[in-house]
Number of protein chains: 2
Amino acid sequence: MPKVGMEPLRKRALIDAAIRTIGERGSLDVTVAQIAQEAGVSAALAHHYFGGKEQLILATMRHLLNELGLDLLGALHGARTPAARIAAVIAVNFSAAQFAPQTIAAWLTFYVHAQQSEETRRLLRVYARRMHSNLAYALQQLTDRETALQIAEGTGAMIDGLYIRHALRNGAPEAANAIALVEDYVTTKLAAAKPSERSRDAL
Amino acid sequence: MPKVGMEPLRKRALIDAAIRTIGERGSLDVTVAQIAQEAGVSAALAHHYFGGKEQLILATMRHLLNELGLDLLGALHGARTPAARIAAVIAVNFSAAQFAPQTIAAWLTFYVHAQQSEETRRLLRVYARRMHSNLAYALQQLTDRETALQIAEGTGAMIDGLYIRHALRNGAPEAANAIALVEDYVTTKLAAAKPSERSRDAL
DNA sequence: TATTCTTGATTGACTGATCAATCAATAAAA
DNA sequence: TTTTATTGATTGATCAGTCAATCAAGAATA
């Protein structure tokens with residue numbers, strides 16, 4: 001066989017290029033040619049390896065989701081207490097990798113793409129469910145089930161909202177601010193639900 | 001003169017058609033021809049009245065923003081107490097008109113469009129600032145300034161997040177749920193910041 | 001009243017550009 | 001030679017935007 005084993009390298013290069021291109025442009029209206037050029041190959045090669053634009057986009061999305069999942073796994077690894085797990089879930093969403101302008105722009109375009117693509121919708125739901133599960137599980141060890149689910153819902157919504165707002169802001173609010181706001185929500189809710197015990201230092 | 005006075009009617013019809021078309025398609029990738037057909041006129045007429053696609057899109061966005069503004073004004077009109085004003089701001093965002101799938105889809109696409117269009121970004125900022133001002137002002141009459149600003153920020157983010165989540169969900173959560181979640185956040189925060197007095201019935 | 005003007009309203013047809021996708025051909029490694 | 005990698009050229013479709021040409025409703029004129 002010839003210059004063998006190019007496929008995984010090219011695929012990865014094209015996915016990385018797709019993230020960069022979509023992020024810079026802030027839109028899914030990127031041409032295969034643009035992505036290919038960014039990756040340093042021809043547009044035809046992108047079609048050769050991915051079969052079509054849609055599949056390249058989906059592969060890119062899966063890659064981002066996977067990265068987020070790995071980040072989450074890593075963050076949860078060292079967290080032993082429920083409070084630490086909650087903090088970890090929040091922090092991951094605003095980590096440098098996830099909060100980079102390009103990454104945010106890419107995510108935003110995927111949210112829109114989900115309106116048209118069932119597969120995209122499914123992938124986003126997987127991510128949302130995973131995040132919710134992690135939060136809800138940890139919270140249930142700190143308060144009653146009903147309250148835990150409510151806080152998990154509110155936390156998820158607030159994270160998504162801060163994300164979208166960050167995408168728009170010119171002089172964006174720091175990740176630290178966003179983290180503090182979400183953690184404050186969790187802390188306050190837990191304290192209110194469980195007025196006794198260690199409520200202030202729940203996180 | 002001929003069939004005079006068509007311009008405002010056609011413009012309005014085209015804007016309404018744009019909202020419907022964008023909402024149904026869930027994307028800004030709608031053709032002028034599609035919008036025009038939905039409005040019952042030719043694509044050429046759309047260009048005649050708006051000068052170009054971009055301007056039609058911007059006019060559509062201004063229309064949505066204006067409607068939101070009017071809704072807000074109406075809701076605030078009857079609200080005499082700060083708590084009622086807060087509730088009004090929250091409720092408007094999840095009112096039937098604003099929470100309609102098509103409207104949400106349109107908003108979402110505008111958020112993405114903002115990445116490329118400075119004018120779109122400016123318009124969205126105007127909306128966000130207005131919402132924030134109203135919230136912050138009312139909250140400052142119920143708690144200290146710093147806490148008020150924090151709650152306003154968190155509330156805005158949570159609303160945006162619930163919005164985006166609603167756009168994705170298949171079987172969507174009810175508007176009532178969303179309202180309850182946000183109001184609970186405000187109530188809890190106010191109660192925590194001001195443990196004395198009427199805290200439970202702040203809303 | 002009947003007959004031209006005038007002018008906004010409206011469109012079909014066309015253009016130029018863009019793009020995804022295809023394919024035949026080349027290069028090179030085994 | 002066979003297989004994989006790679007690309008330039010091409011195709012077919014889609015669109016925004018343009019334009020010249022009609023249509024119709026009132027105004028001016030006779």
Side-chain angles (χ1 to χ4, degrees), chain A residues 1-22 24-61 106 109-110 112-113 115-117 119-120, chain B residues 1-22 24-61 106 109-110 112-113 115-117 119-120:
Chain A
M1 298 186 183
K3 197 160 67 172
V4 96
M6 280 293 103
E7 176 156 349
L9 298 180
R10 294 302 190 201
K11 278 193 168 180
R12 177 57 193 268
L14 281 164
I15 287 174
D16 287 348
I19 295 173
R20 282 199 303 276
T21 310
I22 292 172
E24 271 159 30
R25 212 156 228 266
S27 160
L28 274 187
D29 287 342
V30 289
T31 69
V32 174
Q34 284 166 349
I35 295 173
Q37 186 183 21
E38 177 79 23
V41 298
S42 75
L45 199 64
H47 280 97
H48 174 66
Y49 281 130
F50 285 97
K53 185 185 183 179
E54 177 74 11
Q55 285 150 282
L56 169 55
I57 297 295
L58 282 174
T60 302
M61 198 180 155
T109 65
F110 288 140
V112 171
H113 191 60
Q115 303 270 332
Q116 305 162 256
S117 158
E119 174 67 4
T120 301
Chain B
M1 298 190 182
K3 196 160 67 173
V4 96
M6 281 294 105
E7 176 157 349
L9 298 180
R10 294 304 191 201
K11 277 193 168 179
R12 177 56 194 268
L14 282 164
I15 287 174
D16 287 348
I19 294 173
R20 283 198 303 275
T21 310
I22 292 171
E24 270 160 29
R25 213 157 228 263
S27 159
L28 274 187
D29 286 343
V30 289
T31 69
V32 174
Q34 284 166 349
I35 296 173
Q37 187 183 18
E38 177 81 23
V41 298
S42 74
L45 198 65
H47 281 96
H48 174 66
Y49 281 130
F50 285 98
K53 185 184 184 180
E54 177 75 10
Q55 284 150 283
L56 169 54
I57 297 296
L58 282 174
T60 302
M61 196 178 156
T109 65
F110 289 141
V112 170
H113 192 61
Q115 303 271 332
Q116 306 163 253
S117 157
E119 174 67 4
T120 301

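Just so we're on the same page: letters track the sequence lines, and every chain starts at 1. These values consider heavy atoms only, across backbone and side chains, with no hydrogens, waters or symmetry-generated copies.
- Atom pair A:Leu14:CG and D:dA5:P shows a separation of 13 Å (rounding to whole Å applied).
- We find that B:Arg20 and B:Asp16 are not joined by a salt bridge, their nearest charged nitrogen and carboxylate oxygen being 4.0 Å or further apart.
- Distance, A:Gln34 CD to C:dA21 C1': 16 Å, rounded to whole Å.
- B:Tyr49 has no side-chain polar atom (N or O) that falls below the 4.0 Å cut-off from OP1 or OP2 of C:dG8.
- With a 4.5 Å cut-off on side-chain heavy atoms, A:Lys11 and A:Glu7 count as touching.
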> Hey, mind stepping through B:His48 and B:Leu45 against side-chain contact (heavy atoms from CB on, under 4.5 Å) and telling me if it holds?
Replying inline: CA-CA 5 Å; B:His48 174 66; B:Leu45 198 65; 4.2 Å; yes
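- D:dT4 atom P lies 9 Å from atom NE2 of A:His48, rounded to whole Å.
- A:Thr31 comes within 4.0 angstrom of the backbone, heavy atoms only, and of no base.
- B:Arg10 has a side-chain polar atom (N or O) that falls below the 4.0 Å cut-off from OP1 or OP2 of C:dT10.
- Here D:dA20 presents its C1' atom at 16 Å from CG of B:Leu45, a figure rounded to the nearest Å.
- Atom OG1 of residue A:Thr120 and atom CG of residue A:Leu58 lie 4.5 Å apart, to the nearest 0.5 angstrom.
- Regarding B:Asp29, its CG atom lies at a distance of 14 Å from the C1' atom of C:dA20, rounded to whole Å.
- The nearest heavy atom of DNA chain C to A:Gly51 and to B:Pro8 marks one nucleotide each, and the one closer to the 5' end goes with B:Pro8.
- For A:His47 and C:dA21, the NE2 to P distance is 4 Å, given to the nearest whole Å.
- Across the protein-nucleic acid pair, A:Glu7 atom CD and D:dT3 atom P stand 17 Å apart, rounded to whole Å.
- The minimum heavy-atom distance between B:Thr21 and B:Ile35, with the atom names listed, is OG1-CA, 4.0 Å.
- Of all nucleotides listed (D:dT7, C:dT11, D:dA16), D:dA16 comes nearest to the side chain of B:Val32.
- Take the nearest nucleotide of DNA chain C for A:Lys53 and for B:Ala43: the residue whose nucleotide is more 5' is B:Ala43.
- To the nearest angstrom, P of D:dG17 lies 11 Å from CD1 of B:Ile35.
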